Every structure is written in structure tokens, then in C-alpha cells.
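From a predicted model like this one, the values you see are computed outputs, not experimental measurements. Lettering of chains follows the sequences in order, A, B, ..., and the numbering in each one begins at 1.
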Amino acid sequence: MSSEVARHLLFQSHMATKTAHMSSQVFDNEEKQKKENTRSLAMSGHVGFESLPDQLVSRSIQQGFCFNILCVGETGIGKSTLIDTLFNTNFEDHESSHFYPHVRLKAQTYELQESNVRLKLTIVNTVGFGDQINKEESYQPIVDYIDAQFEAYLQEELKIKRSLFNYHDSRIHVCLYFISPTGHSLKTLDLLTMKSLDSKVNIIPVIAKADAISKTELQKFKIKLMSELVSNGVQIYQFPTDDETIAKVNASMNGHLPFAVVGSMDEVKVGNKMVKARQYPWGIVQVENENHCDFVKLREMLICTNMEDLRDETHTRHYELYRRRKLEEMGLTDTGPENKPLSLQETYEAKRHEFYGERQRKEEEMKQLFVQRVKEKEAVLKEAERELQAKFEHLKRVHQEEKLRLEEKRRLLEEEIIAFSKKKATSEIYQSQPFMTPGGNVRKDKDRKNSSFM
Amino acid sequence: MKKRQKKNGGSPMDPLRQSPSRSSSRASSPRTLPCEMLGYVGIEAVLDQLKIKAMKMGFEFNIMVVGQSGLGKSTMVNTLFKSKMWKSTMPGLGVPTPQTLQLQSVTHVIEESGVKLKLTVTDTPGFGDQINNDKCWDPILGYINEQYEHYLQEEILITRQRHIPDTRVHCCVYFVPPTGHWLRPLDIEFLQRLCRTVNVVPVIARADSLTIEEREAFRHRIQENLKTHGIEVYPQKCFDEDINDKILNSKIRERIPFAVVGADREHIVNGRCVLGRKTKWGIIEVENMAHCEFPLLRDLLIRSHLQDLKDITHNVHYENYRIFRLNESHVLPRGPGWVNLAPAPVSVPAPAGPQANPVPPKVGGWAKDNSDEEC
């Protein structure tokens, strides 16, 4: 209730300062140049474009909002509970096991609606972070995941037929880094992970389970943490202080970083109302009590004041950095060899041309090779054919010779047959004269002998 | 996704191919679970954050007025934005009309209740003034495409600016002379070409020379003309998203083209000070709905649809241009030195070769344009 009123007051005061300090608006560099060409014009009446922000807002309402939170922290540190408490919902989730061999990221998208604002909230949890015995590869999956989301957006942007207004933006807008409440200092793993993530995503470190630290210890712990982060060059997200109305609030919040939070969805009766709290034998830790923990501050900063700025930073700083790196990797630059501004398209075209030429050449080569092989094969086949032909000739000749010989034999045989038949005829003549002479028996015997011989 | 495909398949001759189905685009996003919040969280504060950000950055709007000289274009712009944007040009008798169409742009920053608007008005003196007006739309199309080209070049840089200055023409107001009969061939030619590249709002200029009945009849005939020639003026039917939009926009579509009168002098009528034109037979009040439809035009352009105009320019027209430009380069691979901005591609060669299928109607549209140029 109070936050709502506060919000309205905030906006009203913002409007007041705007109309009062019109001339002190800060233009971008480009607009400074244009200012020479543009003149401010006084209008003599009410035109009506003050409704422009409302038109913008109604379009955004129609489109809906998208917000992606990445929670990095060890298993059991209270990530899911904190998210539940932040958004006052019970997101479906079960406790994760401690025995995963690798760090995995689990993303879940929820649709929330408050009055007429639709929010598509994606919560990405690191499962198994800090559980392994060897934690060297713990942060790499996280970095890879963030890069993968940027890559997906970049691919969509580079498409020819693209639909960016339709695109479900999955880039991580904020990373809540959960620090365990040891009371001493940052763990090495924390430092390493944050160092590798700080140029890719907005990091907000939070001290989890803050009810385990006493107030004095907490103060010392916070100072220690911040100094360690600064000395190691880790860039965490600073709440923006360039806009007058929210500058003061943000600046003071910057001093409270990292936020010490307690999460709980259980309700406990305190006084005569039910509040979200954790009940201990020695007392009740109220989540929304500013004296007990910084939860309200976190919620204010994360959702009510800076959600849009977080999205903006992700898009204009982190994503652009990724895009620039990626494109430079691909060998595309903005300026050509003579330092003339070369457009992306041109270099892309030049490369394409190059590759095209390359491909042509390779094709030619392969064609040549193919033709050569064909020729060889053809030669081989011709050779074989010739051999075959020779063999055929040879065989034919042999065959001819055989045939002649056989002809010879046949002729001989036929002559013999004729001779035999002659003899047969004469022997039959002799047989048909049986009573001619007594010596005929001898002759008969002789003939018989002859005929039997024949 | 489904909604978009249905629209695309419905009218193959639709010159405006893509329709940005913004609201019901859930199919492309991952599976979402609706969740009930048990109390107030403060998510709607993001609307205020948006407003603050928008007001800090300021708004930009680029409008182009096209019409023959003497139709009251400059006066209309002055009336719309209630300031002396232009000095209404009344060329002396000795001044020759310019031989070629030269576009003039002027930029102003106007502010109202803390909202800063950077307004750029492009005038087209000499349009349709020559004896032979063939291809008088070329410089205009060239200018519009040039603005798209500038934006495209900025967008594909490796190190981009944080906020790309938007000089693309968001709206083109076309002034139809109040003949009372039909649209002239020049009008039809121009509108056909332009409605594919930019949001066009036709208006009947100098409507005080027509009576109310004549106005209605003229309006109906113009609407018929537009329908016959397939000219889709703003607000385009294919971009209506939900039923509220449809109802709102149909009301507007019934009244297009608005019959407007422009005036930048003030007169006293019944004790009130009003903008109007004083004639011997009475004072025509510009802001009076009974006299002319200027309030409708102003409301459409400024109060209700300004953001929509910008959105459609960015999501549809600019994307179409980008698709065309990127496709073109693939078909005809050229080396460095390819990008030349002067003159911008107006008479577009119909892309030959195996064209990627997503844009067949667009190709047809451009090819049609080309064939018109050739004959």
C-alpha cells in the first residue's frame, strides 16, 4: 500500500521537476549536433502530444513485458524461496539434489499479471552449483548459457526476414548472485564466477540467509565484500543516478549493497496480522521488516524502480558488446584498409564473393579431376576391348583350322565308306553264284573269308 | 504465428505483406505457466519507469506533406502544430516554378507538459506543378528510401550508436485538390506507389470550397477509387490486431479522406478566439467539427495514432525495405563499393534468379512497379 502511494508521489514529483527544469535536459552527443539545425519552437496553443507517453505505455501493455532473472548460488542457499517471496507466488519447484556431476541451468517461464500489466518472467536456476568436489568447470555452463541467449538474439537480428517485435527475449537481464553468510569474505568460486560474468550481465550480489548473521557482523561483512569486489575489479550493477527523482533513492541504495535478504513464504502471526516470517525459538525474523533484513529494498530496486533500466542496460551495453565481439571474430570490421568506412554489408559481400570464387575454383578442380578419371577409365576399357577382340580373332582362327581338319577327316571317311560299299557289292555278287564249281567251295571259302575280312 | 500466416495467405496481391501480430505471438515463446500472485508486488511500476525513460529521451516524428502548390500544405502544418513551422509560400509572379522537385526539410523541437517532440516536416514544393509530371514521384520515393537506407547503414554497423537517430518518414499526408469529381491519374499513380513504402493519409485540401453534400459525395468516390486500385491508406486494414482496434480504425476508415481546412489566423467568434478563415460570407472555424474535419486529422496524427504510425513504419515498411535490400545483394554479388546512396533505388530491378520464397508478393509488387516504369 505504502509503496503504491510512494510510487505515485515519485511520478508526480518527477513530472514537476521536468516542467520546471526544461532547459536543463541533457541531450545525447548526436542530438547536440542536431541542435544546431533544430530550433525550439513556441506553440501558441494546445496541440495534444502530451499523450505520447501514454500511447507508448498502451502499446507496451499490449505487447507485454519480458524479464529474465538468473539466480546463481549453491544448492540450498535459498534461491527459489527468495524468488517466491519476491514475486509473492509459489512457483512450482522441488528441492534439488546435491549430487549432480555438472552444473546445469534450468529455466522456467511464468506469466504474471498485475492490473493490466502482463509480465513474462523467466527464472533461470543453477542446479548443482558448488556441489562438485572439483569446481573448476562450475562457472563455464553459466557463461555459455548467457552467451547462447545473446547468440540467439543476434541470429534473429541478422536474419533477412526477421520479426524482432515478436521475438521472445530470453537474454538475461539481471543475475542475482547469492553469497553464503559465512561472515568472513568471498569464496574463491564466487570471485571467479562473478569476474567471468560481470561483463556479460548485470550482477546484483545478495547475502542469502541473512538471519544467520548478527547486525554488527553484517556491517563488517558487507564492507569486506564490497572492498574485495572493488579490489578484484568486479563490476557489479550500480543503480542509475542520472535521473533526478530516482537518483537520491538509488544512490542511497548503492550504499546498502550487497543486500542481506531473508526469504520465506510462511506466514506467522505478529501482533494482530499475518506477516511473512521465519519463526525461531528465540524470535521471529520478519521478511518485510526493514530492520530485520534488506528484502524490501531489494524488491524496490529490482522491480519497482529499475526493471526497465536493467533491461535497457542488457540491451544497449552487454548485448552490443557481445555483438561487437562476435562480428569482429567473424572478421568483419567497420573500416576498410584505407580507413574508409566500410559497411558490414560490404565486407560481408566481399567475403561472400571471395568464398564464391573459392567455391568456383574448387568446383573447376573437381570437374577436371572427374574428366581425367573418366578418360583413364575409358582408355582402360578400350584396352580391354582390344584384347578381347584379339582373343576373339584367335579363337576364330583356331576354330577354322579345326573345321578344316574335320572336313579332311570326313572326306577320308566318306571315301572309305564308298570303298566299303563297293566291296560289299562285289561280295554279294559272288555270293549269288553258289553252284558254279566244286572249286567253288574253296573260292566260296575264300570269298567267305574275304567277305568276313571285309 | 498462426494469425500471421493466415493473413499472409489470405491476400496474395496485398502490397503490405507482413502484419505485425504483436499481442498473440505466444507460439514463438517457450511454454509458460500462468501463476497467481498472492499479493501486490509492484510490477506495474514498470509503466512509470517506461514513461520516465521515454520523456528523458524525447520523441521523434517525421511527417511529409505532398501536394500541388497552393493547396495549403504549409498552412496545414502550421495549424497542426500551432506554430509557425513554415512561412506560407506565396511566390511572386516573377518567380519561376522549380524545374525539378526539391524536398525541403525543417526540424523543430516542441515541448508540451514536459514531453519533448522532435518534429521534422518535409515539404515537396513543385510536386505536380510541371506540364509533364511523369515520374514526379521518383524524388519522393528516393527520399523515403534514402532515409531507410541511412537507418539500415546505422543498424548494421559493428559499433552502433546507443540510439539511432530516426529520420524515416513516419507519415505522408497527401493533399487531394477539391475538384469534387474523382481522383486524378496523378493522384492514383502516386498513391499506388507510395502506400507500399510509407503510411499515407490522404486529405481533401481546401475543403471550404465544397459544400457538405459535395464533400460526402467526393469522399465516397475517392474511397471507391482507392478500393478499385488496391490502395491501402493508413490505417491499414491488415494491421488491425484485435477487435478494439478494428472498431476504432473502421470508424476512421469511414471518414478517410478527411476534408480539412487550414488556418493560422485567429478571429473572434461569439466572444471566443478561434483559428479560422475569414470570408465575406462567414468565418470558417478550423476546430469546429461542423465546419471541417481538421480535429479528426489532428487527433489521428497526434493524439491517438502517432506511436502506431511509428511502429508500422519501423516494423513493416522498414523491414520490407531491409529484406529487399539484403536479398538484392545476394542475388547479384558485388565487391566493395557496393553501397551507393545517390540516387537511392527507386526503379527497382525485379530481383532475378532463385528468389527466397518468403517474399513473392513483394517481388511481384516491385516487378509491377518496374513494368510500369518501363512502359
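Not counting sequence neighbours, D309(A) has no partner by the salt bridge (charged side-chain N to carboxylate O under 4.0 Å, His left out) test. Not counting sequence neighbours, E112(B) has no partner by the salt bridge (charged side-chain N to carboxylate O under 4.0 Å, His left out) test.
Separating the CG atom in L306(B) from the CD atom in Q55(A) is a distance of 5.5 Å, to the nearest 0.5 Å. The CD1 atom of I323(B) lies 9.0 Å from the CZ atom of R162(A); values are rounded to the nearest 0.5 Å. Rounding to the nearest 0.5 Å gives a distance of 5.0 Å between CZ of R324(A) and OG1 of T159(B). The distance from atom CE of M57(B) to atom CG of L56(A), rounded to the nearest 0.5 Å, is 8.5 Å. Within the model, atoms SG of C304(A) and CD of Q49(B) stand 8.0 Å from one another, a figure rounded to the nearest 0.5 Å. Taking CZ of F87(A) as the reference point, atom CD1 of I43(B) lies at 6.0 Å (rounded to 0.5 Å).
Contact of E266(B) with chain A is not made at all, since no heavy-atom distance falls under 4.5 Å. For chain B, the nearby part of N306(A) is the backbone; its heavy atoms alone come within less than 4.5 Å. Proximity to chain A is absent for every atom of L152(B), based on heavy atoms less than 4.5 angstrom apart. Only the side chain of I61(A) has a heavy atom closer than 4.5 Å to any heavy atom of chain B. Proximity to chain B (any heavy atom under 4.5 Å) is restricted, for Q113(A), to the backbone atoms N, CA, C and O. Of the atoms belonging to F67(A), not a single heavy atom falls under 4.5 Å from chain B. Neither the backbone nor the side chain of H314(B) comes within less than 4.5 Å of any heavy atom of chain A. Residue contact with chain A, scored on non-hydrogen atoms closer than 4.5 Å, involves the backbone and the side chain of R303(B) alike. Heavy atoms closer than 4.5 Å to chain A are found in the backbone of S304(B), but not in its side chain. For E50(A), the parts lying near chain B are the backbone and the side chain together; criterion is any non-hydrogen pair under 4.5 Å.
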- Message: Run the side chain to side chain contact (heavy atoms under 4.5 Å, CB included) test on N116(A) and L47(B) for me, step by step, so that the C-alpha distance in whole Å, both residues' side-chain angles and the decisive distance to 0.1 Å come before the verdict.
- Response: CA-CA 10 Å; N116(A) 54 354; L47(B) 297 179; 4.3 Å; yes
- Task: Dump the intermediate steps for salt bridge (Lys or Arg N to Asp or Glu O under 4.0 Å) on R59(A) and D308(B), then the final yes or no.
- Result: CA-CA 8 Å; R59(A) 178 192 69 156; D308(B) 193 44; over 6 Å; no
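Side chain to side chain, T316(A) and R162(B) meet the donor-acceptor criterion of an N or O pair below 3.5 Å.
Per-residue heavy-atom pair counts under 4.5 Å with chain B were compared for S115(A), C66(A), S58(A), and the maximum is reached by S115(A). Residue with the most contacts toward chain B among L112(A), L52(A), L119(A), V57(A): L52(A) (heavy-atom pairs, distance under 4.5 Å). Of the listed residues T89(A), V117(A), N88(A), the one with more heavy-atom pairs under 4.5 angstrom with chain B than any other is N88(A). No other option in R322(B), Q307(B), H305(B), R298(B) has as many heavy-atom pairs under 4.5 Å with chain A as R322(B).
With hydrogens and angles disregarded, a donor-acceptor distance shorter than 3.5 Å links the side chain of E114(A) to the backbone of E44(B).
Using a 4.0 Å cut-off between charged nitrogen and carboxylate oxygen, K53(B) and E313(A) do not count as a salt-bridge pair.
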